[in-house]
Amino acid sequence: MDLFYKVRQHVLNELDSMVAAGQLPTGLDMTSVTVEPPKDPLHGDMATNAAMVLAKKAKKNPREIAEILAKRLSNVDVVENSEVAGPGFLNLRISIKAWQSIFNKILELGSSYGQTGLGKNLRVNVEFVSANPTGPLHVGHTRGAVFGDALAQLLSFAGYKVTREYYVNDGGSQVDTLARSVYLRYLEAHGQVVAFEDGTYPGDYLIPVGQALKHKVGSDYVDKPEHYWLDEVRKYSTDAMMKLIKDDLSALGIKMDMFFSEKSLYGSGKIEEAIENLKNKDLIYEGILESPKGKKIEDWEPRIQTLFKSTSHGDDVDRPIKKSDGAWTYFAPDIAYHFDKIGRNFDQLIDIFGADHGGYVKRMNAAVSALSNDKVKLDIKLTQLVKLFKRGEPFKMSKRAGTFVTLRDLVDQVGSDVTRFVMLTRKNDAPLDFDFDKVLEQSRDNPVYYVQYASARIHSVFRRAKEAGINFNEDQVSNKTFCEITHDAEIKIAKKLAEWPRLVEISAKTHEPHRIAFYLYELASDFHSLWNKGGENDELRFIQEKDHEVTFAKLAMISAVLVVISSGLGILGVEPVTEMN
RNA sequence: GGCUCCUUAGCUCAACUGGAUAGAGCAGCCGACUUCUAAUCGGCAGGUUGAGGGUUCGAGUCCUUCAGGGGCCGCCA
């Protein structure tokens, strides 16, 4: 189904025969042999580096190997011709028939085209967002949310069993602060005048929570000491915040499979269990950390703490898991949480953190490496900050100044599709400029419209075809070769579509969903280009009133484009539209 | 001071984990609406990939030194 894969298999077969014929030594590692589209189309349709990769080990001149391989490959049906170029590249020209058959295959496979089964049903846990349950999600969380969801979707498309997971930080002191802040709003709902001191959350979003609490418990908590109400109010408040956050996520079309409570780790022996595991590996000890050099800490004094020997697994310094008063640091439940994930038999873990958590990558990797005996791989992806712009000017978010931009504000103003696509049209580790006005006022600048417009145009053609009395049904395509598709611009589409399965694999392997977005843009560009050529050259118009055979072939072609666009947008979580408005 | 990410065209970004002459969009200039919706297309111009060194058949990509920028650095999660 994947033409590149197929050709690579041919190359590997021929290399094997060369080994059998004594033209190459035995025992060569073929894994780095690739078959790729060359950057310059003049070089052909595909190129293989086989000769250059093998030359050194085989102790032969790369061009010599390439010559032999070229001769052998010329007997393969899909290869039109092959020639050696440059230092030993082998350029292959693929028969037009092979390109024409792409459309057929895509329509037969439908949305499963590109699902190459790379993941082999391996179980992957993608943890993302995991924002503190103390308020609504803001713009910074949005990027991680979109990235994580698209990555999860991509991996699942590529054949992995994916669990989307949210780690709820409901065990630290920040949820006590939340509870106290809600309590103030509760008193306010009872008519009291309250002051929000430093260290409390003054945001308006807690007003309805305080009111709802009043409806629930009446005046029971009024003027009572903290120990009387704290536990209940904390639980009530975090539940309310998680409800808020779930609603925020669903505004972006994101649904988690699992919410894991940090609090559930305390008092259940789970933290102790994880630490015990490390202790058995001789990785826990009592010690004193040195003061960080170059950074002044006012009241620094050496203290004995319980430390995790993370340096034995690649970290720079050992990390404390207990504070000097004997309480766990935040790192301890994090270790236990990842231990739990390992215990749930995931083959691969992915964490998506904001850039401000970059300092925790090494210690988490060390912990997972130690806990799983290097069996489970943890990949931590950092999403860099989103810089917001208004009217071309950067502006900072501040709760006090009222310039706090929530995820909800963003989605309400620019929509889920634009938010998602814009944030995915960037590598995760590059900072992202998000200009509100540009996105709002000049929507034509958004690549998402460009791709959706292609989808809309295709639907438009089908509407026209129907009016012209041409019925196109995908069931009718089987075993047809569309020899009517011959123009360069059309074959270019076929070539682009042929890249799709490879692109899915690369994106999934590298955990880089942005590649999907860029690919879709390129595919849309090829399509728009062909569309406009129909203005100059009647033969390139999709609907040929007089020739239903040709029309049928062309409709099959654009239908195949639509299949891939739909799959791609599906991965990104963007709606493929049928018309623009 | 340490760790980490980044630096590619005037601007915003790609470049298929090491491949051939580094590509798009925007901005600029020229051109295409009697069309299957011009939210589109064609063309021109734009580069010492921050700087130096190294690894090899081959480097924007890997290693190293330096410069500049973001983020982080015990008892906050």
Side-chain angles (χ1 to χ4, degrees), chain A residues 32 34 36-40 42-43 47 49 52-53 55-56 61-62 85-89 91 132 134 169 171-175 262 288-295 297 300-303 305 307 315-317 319-320 322-325 327 329-331 333-334 354-362 382 384-385 387 425-427 429-433 435 438 442-447 449-450 452-454 456-458 460-465 468 499 502-503 505-507 509-510 512 514-515 518-519 521-522 524-525 527-536 538 541-543 558 579-580:
Chain A
S32 50
T34 60
E36 301 179 329
K39 276 183 189 169
D40 188 341
L42 288 176
H43 290 136
N49 61 355
M52 286 177 293
V53 171
K56 201 167 190 180
N61 183 327
F89 282 100
N91 291 330
N132 284 344
T134 55
N169 287 109
S173 60
Q174 79 281 2
V175 284
E262 176 197 357
I288 300 172
L289 285 178
E290 284 180 26
S291 166
K293 284 162 191 157
K295 190 206 175 212
I297 297 175
W300 174 271
E301 48 184 271
R303 292 189 172 95
Q305 293 176 291
L307 302 171
D315 203 356
D316 305 307
V317 288
R319 305 291 176 176
K322 273 187 181 178
K323 302 175 194 171
S324 50
D325 65 4
T329 63
Y330 63 86
F331 187 38
D334 275 355
D356 54 340
H357 285 59
Y360 306 105
V361 171
K362 284 192 176 182
L382 299 177
Q384 291 293 323
L385 299 188
K387 274 187 244 167
T425 315
R426 205 118 321 180
K427 271 186 300 207
D429 51 8
L432 167 65
D433 291 347
D435 192 317
K438 209 173 175 181
Q442 298 175 287
S443 58
R444 61 192 322 182
D445 280 352
N446 287 314
Y449 289 108
Y450 187 83
Q452 284 179 326
Y453 190 36
R457 276 181 153 172
I458 292 170
S460 159
V461 174
F462 281 113
R463 285 192 291 270
R464 292 276 175 158
E499 286 178 32
R502 277 184 70 244
L503 187 99
E505 282 201 7
I506 292 161
S507 309
K509 273 183 193 164
T510 54
E512 292 180 341
H514 76 271
R515 293 174 189 272
F518 280 96
Y519 171 84
Y521 189 85
E522 289 165 13
S525 174
F527 174 76
H528 286 311
S529 177
L530 177 59
W531 173 290
N532 274 68
K533 282 198 171 69
E536 304 154 11
D538 283 349
R541 297 170 72 86
F542 302 125
I543 298 174
I558 61 173
E579 56 189 333
M580 307 295 281

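In this text, all values refer to a predicted model and were calculated from it rather than measured experimentally. The sequence lines fix the lettering, A, B, ..., with proteins before strands; numbering per chain opens at 1.
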- Taking for each residue the nucleotide of RNA chain B bearing the nearest heavy atom, is the 5' side occupied by A:Gly172 or by A:Gly534? A:Gly534
- With a centroid cutoff of 5.5 Å and a plane-angle limit of 30°, would you call A:Phe89 stacked on B:rA20? yes
- Look at all strands and tell whether A:Asp356 reaches a base, only sugar-phosphate, or nothing, counting heavy atoms closer than 4.0 Å. sugar-phosphate
- Task: For A:Gln384 and B:rC6, give me the distance from atom CD to atom C1', rounded to whole Å.
- Result: 7 Å
- Item | Where the chi angle of B:rU17 falls, syn if within 90° of 0 and anti if not | syn
Could you list the protein-to-nucleotides 41-45 of chain B atom pairs, N/O on both sides, closer than 3.5 Å?
from   : atom 1 : to       : atom 2 : distance (Å)
B:rC41 : OP1    : A:Tyr450 : OH     : 2.2
B:rC41 : O4'    : A:Asn532 : OD1    : 3.4
B:rC41 : O4'    : A:Asn532 : ND2    : 3.3
B:rG42 : OP1    : A:Ser529 : OG     : 3.3

- Message: Dot-bracket, 5' to 3', for RNA chain B please: Watson-Crick or G-U pairs under 3.5 Å, [ ] where pairs cross earlier ones, | where the partner sits on another strand, dots elsewhere.
- Response: (((((((..((((.....[...)))).(((((.......))))).....(((((..]....))))))))))))....
- Message: Taking the P atom in each of B:rG25 and B:rC63, what is the distance between them to the nearest angstrom?
- Response: 32 Å
- Task: Rounded to whole angstrom, note down the C1' distance from B:rC66 over to B:rG23.
- Result: 29 Å
- Whole angstrom value for the distance that separates C1' of B:rU4 from CG of A:Asp315: 12 Å
- Task: Tell me, please, which residues at least two apart from A:Thr425 pass side chain to side chain donor-acceptor pair (under 3.5 Å).
- Result: none
- Message: What's A:Glu262 touching, base or sugar-phosphate or nothing? Going by heavy atoms closer than 4.0 Å.
- Response: sugar-phosphate
- Message: Nearest heavy atom decides the nucleotide; on that basis, is A:Glu36 or A:Ala355 closer to the 5' end of RNA chain B?
- Response: A:Glu36
- Item | Contacts of A:Asp315 that satisfy side chain to side chain donor-acceptor pair (under 3.5 Å) - sequence neighbours left out | A:Ser310, A:Arg319
- Distance between P atoms of B:rU8 and B:rU48 (Å, rounded): 13 Å
- Item | Protein-nucleotide distance (A:Lys387, atom NZ; B:rU7, atom P), rounded to Å | 12 Å
- Item | d(CG, A:Asp429; C1', B:rU7) in whole Å | 13 Å
- Query: In whole Å, what separates the C1' atom of B:rU56 from that of B:rU12?
  - Reply: 35 Å
- Item | Pairing residues for A:Arg515 by the salt bridge (charged side-chain N to carboxylate O under 4.0 Å, His left out) criterion, not counting sequence neighbours | A:Glu512
- Query: Starting at CD of A:Glu522 and ending at P of B:rC13, how long is that distance when rounded to a whole Å?
  - Reply: 18 Å
- For B:rA9 versus B:rC44, give the span between their C1' atoms, rounded off to a whole number of Å. 15 Å
- Mark this stacking check for A:Tyr330 against B:rC76 as yes or no, applying ring centres under 5.5 Å and ring planes under 30°. no
- Using salt bridge (charged side-chain N to carboxylate O under 4.0 Å, His left out) as the criterion, list what pairs up with A:Glu579, not counting sequence neighbours. none
